[in-house]
Amino acid sequence: MNLRIRRLGVVLSVLYLVLFLQLNRVQFFGAERLQDDVNNTRGLIREFGRERGPIITADGVLVAQSVEYDGSVDFRREYPEGELYAHITGYQSLNVEAVGLERSYNDELAGDPIDQRFASLGDLFADRNSTATLTLSIRDDVQRVAAEALGDRKGSVVALDPRTGEIIALWTFPSFDPNPLADPDGTVANAAFDALVADPNTQLLAKSYREIYFPGSTFKLVTAAAGVETGLIGASTPVFPVATTYEPVPAGAPIRNFAGSACGGDLVELLRVSCNTAFSEIGAEWVGPEQMVTAAEAFGFNADLGIDLPGAAESRFPTDYGEQLADVDRYRAPDQQPAEGAETVLPNGAVPVHENSARLAQTSIGQNDVAATPLQMALVAAAIANDGVVMTPHVVTELLAFDGSLLDRVEPEPLRVAMSASTAAILRDAMRVVAEEGTARNLLTEGVVVGGKTGTAQLGTTPPNSHAWIVGYAGMPNEQPSLAFAVIVEAQEGASEQTGGRVAAPIAQAVIEAAFN
Amino acid sequence: MTATESPPTHLVSPLLAMKPRRVETGLLVMVGVAVAVAYGLASFGTNDAIPANLGPFLLWMFGLGAVAHLANRHFASAADPVFLPISLLLNGLGYVVITRLDGSLAALQSTWTAIGIGGYIATLLFLPRVRVIEQYRYLLGVGGLLLLMIPLVPGLGTEINGARIWASVGPINFQPGEFAKLTLAAFFAGYLVDSRELLRSRLELRDLAPIGIAWAGSLGVMVFQRDLGSSLLFFTLFVVVLWVASERWVVLAVGAVLFFAGAFAAWTMFDHVQKRVDIWLDPFADPKGDGFQIVEGSFALADGGLTGTGLGQGEPGRIPFAETDFIFAAIGEELGLAGSAAVLMAFLLLIGSGLRVSLRADRVFEKLFALGLTTLLAVQTFVIVGGVLRIVPLTGITLPFVSYGGSSLVANYVLLALLVRMSHEQRVSIRPAKGTA
């Protein structure tokens, strides 16, 4: 019998060896795979329940903090200002992926980076609170005014310092209350999320930088910049003939001015009245596809803007205009030639036309497939305000340690050069004229120099609806502008070129007033 | 071998060269320190504070250990010194993890531990020789069957979590099956002492009838009580003991055939069995539903890694039944591979010591009884740890000494006492007992 008992001992040893090997597989060799499993929420909950640093506006308003929680986790996130900062702070949730700063600055808020954890030798031995406090460039007073001025109309307000790229206000209506999403009870958070998604009066998406819209006439600033950059167009020369229609070459859909009106004149005048026909011609025939694409991309189109918030949308400027055509005149009907006795010489055909120059005529006035985020359009104004240099937009300016000492400062960083300083100066002056004598008169603010450009992006609906736009800058007299902005109010009734100035400009004006008082 | 042959000397543990109770004292002190430190750490990890009741806890624990040790000194002075310290280590570690998971269960578990130690001492006290049991073998067999049937009696039996294995008398719930394991092991051993010679000399179909009966009984447990784990345990116990007694491989072969036939029949007939097998094959098919427990258990073990999250610092509470069926995963999470492997090693030491008792026994009854008891311990541990680790389909049984559960704890302490008693008996035969006997 003892032989059998020994054999049993061997069998049991083998069985336990199998257990031991499998234990090694689960706990060591295969552990990483299990930890990365989509169903494994352990890391998530651990991460979720940790203390994180607070987020504070430039003027000291607390917009996110960790509070001790009595339950499944040690801490939960709280957003004292609710909707007002939801699209900036985002939220940290158990059920859905974090968004906003909670995501992009996750490691710093949680205190994970090595330099935060081991600032000094002593930290190797002590368990110190290594979470970082984020200081925002957002000014609570301006943010609040932006939200109030937009009211309950769908839209976005973006205001930033063109010299540094620091965002001063970033608001989208509707917004949402991030607090229930941060509930440590997964079912509560889930229900809150579903309710938010189902509710037409809330908006989880931070449209100010994550949604793209037809920019309408505000895009003419880009075309104007490209035109001036060719060296052929200045502020006062050439003078474009007054026209009601632009016939693209080769033949395509004709471009008309609003309500069949006629317009023409020098660049300043063209911007003042937002002349479709002339800007189509500038884009299609003076600048050409290659330079238009280059100009749009120099402002940030078709690329990441480098904002420190996650999930930003890329603005879009079409790049395909077909093959270059050799002989222009062949396609040009006699009645398309400049009227005899016109005041100026038009070097038509400064660039060779392309197969699809008709499309370029549309994209040059912000139609066709052009689409931009409100942030992008604010950066167009900011580049003009900042001598042509687009600064990388950001909302975080400083990271502070738990004891208040400075961990890191976000230095202003040029993103792109959109145009030369002289081109920027020409456009600044022209935009000032638009504000003082043109469609953007509602911007005028006492004691502040302002420039702007309105836009009305028709949506082709019946009855006609349009996105009302205003972009522009503001600054103290004889100083470089310190504010650039873009405001969009979505789907407003009407389709007149006045809509942008009537609806959007007063909101921008309120923001200017708040920023400069 | 014959029953009178004396054990070969190489079976003598090196520890036996020393005075076994002195060795046991040393081991117990180490176990005490380890468990006390673990208790403090777990509390510190959970509440950031040294537990207020650390003093009373230590007194209680050291007290129980000391009493058990004194009982060994008086009633089983020559026994293998490994049994008691290892069991107390497993019990203590389990208690620490239960405390960390659920304080109210811990209070109950400490009471059960005391009752278990009481049962251990009582067994040593009232059972001077294990052979006494042999004459009651049929009584014990019938008793075991009756114990198994108690949960089926209306008014007494209670179904908890799908298994009808509980008996309720007033406020007290217990699992009679835990004690039936012991009496059935005694019955099998006693029965085979009688029929062993017969089985060895010939093998006819009717001689295999006992296997068939055991098989039918196991199926009965599975069908009527829906308790897969115990069913497997009883059947394995019987086949193993019969195999060793008869020294015939055909027993294993027939046992294996019957096992797979029964398993297949159960799989085709019962939804809950099919579900268990499906979960075993692919727990990730329904990670939030059916597979949740085993998936969470795997995640817990993975989180533990090599060295664990630290006691009180993990989240074993996420695993359903972490304090009973899945306590091994909870240990693996907080103590890491180091801790879970140590638990496996502890069981291997217990099993090794148990098998040594069986090897060294000079009477057939003791040999088969010790073998049966050790097999129970080994198979039960393998089935639950293997279930957690997805080596075998999961069946809800306790991890001996570690899991929360009064019946299991008390029954295992009695099992331990029986092994210790037999160990003592064989060793006094080679070592002169000290003093008067």
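These numbers come from the heavy atoms of this one structure, side chains and all, not from hydrogens, waters or symmetry mates. Throughout, protein chains are lettered first and strands after them, A, B, ... in sequence-line order, and every chain is numbered starting at 1.
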Using a cut-off of 6.0 Å, state whether more than 12 heavy atoms not belonging to [X] lie near its atom [atom1].
X     : atom1 : value
A:E97 : CD    : no
A:D70 : CG    : no
A:E32 : CD    : no

With a 3.5 Å cut-off and sequence neighbours excluded, list the donor-acceptor pairs that the side chains of residues 186-194 of chain A form with protein atoms.
from	atom 1	to	atom 2	distance (Å)
A:T187	OG1	A:D185	OD1	2.6

Would you indicate whether the side-chain heavy atoms of [Y] and [X] approach each other to under 4.5 Å?
X      : Y      : answer
B:W243 : A:R4   : yes
A:N39  : B:F292 : no
A:M1   : B:L368 : yes
B:V244 : A:R7   : no

**Message:** For the interface with chain B, which of A:V38, A:D37, A:L3 has the highest count of heavy-atom pairs at distances below 4.5 Å?
**Reply:** A:D37

**Asked** If you count heavy-atom pairs under 4.5 Å between each of A:N24, A:L23, A:V26 and chain B, which one has the most?
**Response** A:L23

**Message:** Please report the interatomic distance CG(A:L12) to CG(B:L355), rounded to the nearest 0.5 Å.
**Reply:** 6.0 Å

**Complete:** Between the OG1 atom in B:T381 and the CG atom in A:L15, the distance rounded to the nearest 0.5 Å is 11.5 Å

Of all of [options], which one pairs up most often with chain A through heavy atoms under 4.5 Å apart?
options                        : result
B:A300, B:G304, B:S298         : B:A300
B:V295, B:T374, B:V379, B:V385 : B:V385
B:K288, B:E315, B:R318         : B:R318

**Request:** Sequence neighbours left out, what pairs pass ring-ring contact (aromatic ring centres under 6.0 Å, His included) with at least one residue falling in residues 349-374 of chain B?
**Result:** B:F365-B:F369

**Asked** Side chain, backbone, both or neither: which part of A:F20 has a non-hydrogen atom closer than 4.5 Å to chain B?
**Response** both

**Message:** So which atom in A:N2 and which in B:L359 form the shortest heavy-atom distance, rounded to 0.1 Å?
**Reply:** ND2-O, 3.2 Å

**Prompt:** Taking all non-hydrogen atoms of both residues, which atom of A:Q22 and which atom of B:L389 are closest, and how far apart?
**Reply:** NE2-O, 2.7 Å

**Item:** Region of B:V388 that comes under 4.5 Å of a non-hydrogen atom in chain A
**Value:** neither

**Complete:** Expected contact set for residues 325-333 of chain B against chain A at heavy-atom separation under 4.5 Å reads B:F328, B:G332, B:E333

**Request:** Ignoring hydrogens and angles, tell me if any N or O in the side chain of A:N40 forms a donor-acceptor pair with the backbone of B:F299 under 3.5 Å.
**Result:** no

Review item, side-chain donor-acceptor pairs of residues 335-354 of chain B, under 3.5 Å, at least two apart:
from	atom 1	to	atom 2	distance (Å)
B:S340	OG	A:Q27	OE1	2.5
B:S340	OG	B:G336	O	3.2
B:S340	OG	B:L337	O	3.3
B:S353	OG	B:L349	O	3.0

